[in-house]
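Only one structure is covered here, and it is reproduced in the block below.
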Amino acid sequence: METLIVTGGAGFIGSSFVRLALAERPGTRVVVFDKLTYAGNLANLADVADHPGYAFVQGDIADRDDVRRLFAAHRPAAVVNFAAESHVDRSIDDASEFVRTNVGGAFELLDAARRHHRELPAAERERFRFVHVSTDEVYGSLEADDPAFNERTPYAPNSPYAASKAAADHFVRAYHETYGLPALVTNCSNNYGPYQFPEKLIPLMTINAIEGKPLPIYGDGGNVRDWIYVEDHCRGVLAALERGRPGGKYNLGGSSERTNLQVVEAICDALEAELPARANPALAAAGVASYRDLETFVADRPGHDRRYAIDDALARRELGWAPAHDFASGLAATVRWYLDHRDWCEEVESGRYRRERLGLAAR
Ligand code: NAD
């Protein structure tokens, strides 16, 4: 049985990928390696905990001993690296963990993979893959009429988070060019879906709206992101693992550009369909008649990129991949999930994070 190591597999996207990999690759053993930071939660993996192909190892990708022990014990046929500090606002307040995990951790994984790869028998060496999961934020910001990012767009990260992801992408490329490590990078747009930590836009707005709390919209609400349903992203990562070119780089997008204000309004409308405002006592208590009345414009985030848009033609062509969900169907499923999983929300919020405003550190 081949082993696939999934770092950050207890987070939002990683846990979705683990479910998909176990379902789609019955002959693969999936070992999740995760530090369980505030964003990592074994409750995200509860439905696969008893799967015979699943194992969990707690550890830190930035800790050399942890990583070397992991490779020695599990001898992977492939590694997919989702582990990261992932929230831009946190990186503005303090970037040190972002540098440590996103750059230092990626380096430790790459270096352990290089040592492991060179010792493998020829046939296994040929098949080994290292997939690094990255973001479209490495490309910087677009104006309204600029063409979408493609794989040749120069890197121009604007936030400490984006800079840390960009640095790791460069190390992946360098390990392929220098050592021949069969590594590749995927750069994906904004994800949404079940199990997303409620500091991110869609779960934050959904939970606040359910509870009749204000919906804080940064600046004029006109910042544009391309939204992708998490399972579609995971199918793209799996396609890159199975069919991607070593040394390759693939953009993955959802073909769903929306302003933040459009996203918030779509959440309000999806909620209205599932739990009408007049039937929600929290709204009556807040003295408002509709979810949209909870919208509140707040000071913008420093260095807030205006627009991201993804050209994913290469992934569609080379990987035979395309997103299966449109924004309306993905969002309806997401809102339904948050309504049905209030216990999960309360559990993950029981740590330090209380939906407070982060990322206001002075320029
Ligand atoms: P997340 O914050 O929900 O999960 C991150 C996971 O990594 C958590 O389980 C956490 O415990 C783990 N982790 C953090 N530091 C670690 C360390 N030092 N060692 C081991 N594990 C550690 O993040 P997410 O939204 O699921 O994002 C996953 C990956 O996808 C990240 O690399 C992120 O940059 C990338 N990505 C995210 C998006 C998005 O919209 N969320 C878009 C594109 C790319």
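Fair warning: this is a prediction, and the values are worked out from it, not measured in the lab. Both counts, for ligands and for their atoms, begin at 1 and track the order of listing. Both backbone and side-chain heavy atoms feed into the values below; hydrogens, waters and symmetry mates do not.
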* Quick one: look up the protein heavy atom nearest atom 5 (C) of ligand 1 and list residue, atom name and how far away it is. => Ala84 O, 3.4 Å
* To do: Flag Thr135 as yes when one of its N or O atoms lies below 3.5 Å from any N or O atom of ligand 1, and as no otherwise.
  => no
* Who's the nearest protein heavy-atom neighbour of atom 3 (O) of ligand 1, and how far? -> Phe12 N, 3.1 Å
* Structure fact -> Note: ligand 1 atoms sitting under 4.0 Å from heavy atoms of Ser189 are 42 (C), 43 (C)
* N/O to N/O below 3.5 Å, does that happen between Ile61 and ligand 1? -> yes
* For atom 21 (N) of ligand 1, which protein heavy atom lies nearest, and how many Å away is it? -> Lys35 N, 3.1 Å
* Can you see which heavy atom on Ile5 is nearest to which on Phe33, and at what distance? => CG2-CB, 4.4 Å
* Asked: Does the side chain to side chain contact (heavy atoms under 4.5 Å, CB included) test come out yes or no for Leu331 and Trp227, once each step is laid out?
  -> CA-CA 10 Å; Leu331 191 69; Trp227 291 93; over 6 Å; no
* To do: May I ask whether Ser15 has any heavy atom positioned less than 4.0 angstrom from an atom of ligand 1?
  => no
* State the atoms of ligand 1, each with its element, that fall below the 4.0 Å cut-off from a heavy-atom position in Gly59. => 19 (N), 20 (C)
* Asked: Does the distance from a Lys or Arg side-chain N to an Asp or Glu carboxylate O, for Arg243 and Glu318, drop under 4.0 Å?
  -> no
* Residue and atom name of the nearest protein heavy atom (relative to atom 40 (O) of ligand 1), distance in Å to one decimal -> Asn191 N, 2.9 Å
* Salt-bridge contact Arg69-Asp66 (side-chain N to carboxylate O under 4.0 Å) -> yes
* Asked: Which of the atoms of ligand 1 are close to Val133, meaning less than 4.0 Å from one of its heavy atoms?
  -> 30 (O), 32 (O)
* Minimal non-hydrogen separation, Leu142 against Ala148, with atom names -> CD1-CA, 4.1 Å
* Asked: Does an N or O from Ala62, backbone or side chain, lie closer than 3.5 Å to an N or O of ligand 1?
  -> no
* Structure fact -> Taking every heavy atom of Leu4 against every heavy atom of Ala21, the minimum-distance pair comes out as CD2-CB, 4.2 Å
* **salt_bridge(Glu119, Arg115) N-O dist < 4.0 Å** => no
* To do: Say whether Gly11, considering both its backbone and side-chain N or O atoms, lies within less than 3.5 Å of an N or O atom on ligand 1.
  => yes
* Just going by heavy-atom distances, which of Cys188, Ser134, Ser164 is nearest to atom 44 (C) of ligand 1? -> Ser134
* **Non-hydrogen atom of Thr7 closer than 4.0 Å to ligand 1** => no
* Starting from atom 31 (C) of ligand 1, find the nearest protein heavy-atom neighbour and note its residue, name and distance. => Phe82 O, 3.2 Å
* Between Leu339 and Arg336, does a side chain to side chain contact (heavy atoms under 4.5 Å, CB included) hold up when you go through it step by step? -> CA-CA 5 Å; Leu339 278 168; Arg336 178 79 259 157; 4.0 Å; yes
* **Electrostatic pair Arg68-Asp111, nearest N-O below 4.0 angstrom** => yes
* Salt bridge or not for Asp305 and Arg225, using N-O below 4.0 Å? -> no
* Structure fact -> Of Ala83, Ser86, Gly14, the residue with the heavy atom nearest atom 1 (P) of ligand 1 is Ser86
* **Closest to atom 9 (O) of ligand 1 among Ile13, Asp34, Asn44 (heavy-atom distance)** => Asp34
* For atom 32 (O) of ligand 1, closest protein heavy-atom neighbour -> Lys165 NZ, 2.7 Å
* To do: Could you tell me whether Arg100 and Asp60 have a side-chain N and a carboxylate O separated by less than 4.0 Å?
  => yes
* Salt bridge Glu97-Arg90, side-chain N to carboxylate O under 4.0 Å -> no
* **Proximal candidate to atom 18 (N) of ligand 1 [heavy atom criterion; set Asn190, Asp60, Asn81]** => Asp60
* **Sidechain-backbone polar pair: Arg307 side chain, Val224 backbone, donor-acceptor under 3.5 Å** => no
* Asked: ligand 1 and His233, any nitrogen or oxygen pair closer than 3.5 angstrom?
  -> no
* Considering only heavy atoms, does Leu36 approach ligand 1 within less than 4.0 Å through its side chain, its backbone, both, or neither? -> backbone
* **ligand 1 contacted by Tyr161 (non-hydrogen, < 4.0 Å)** => yes
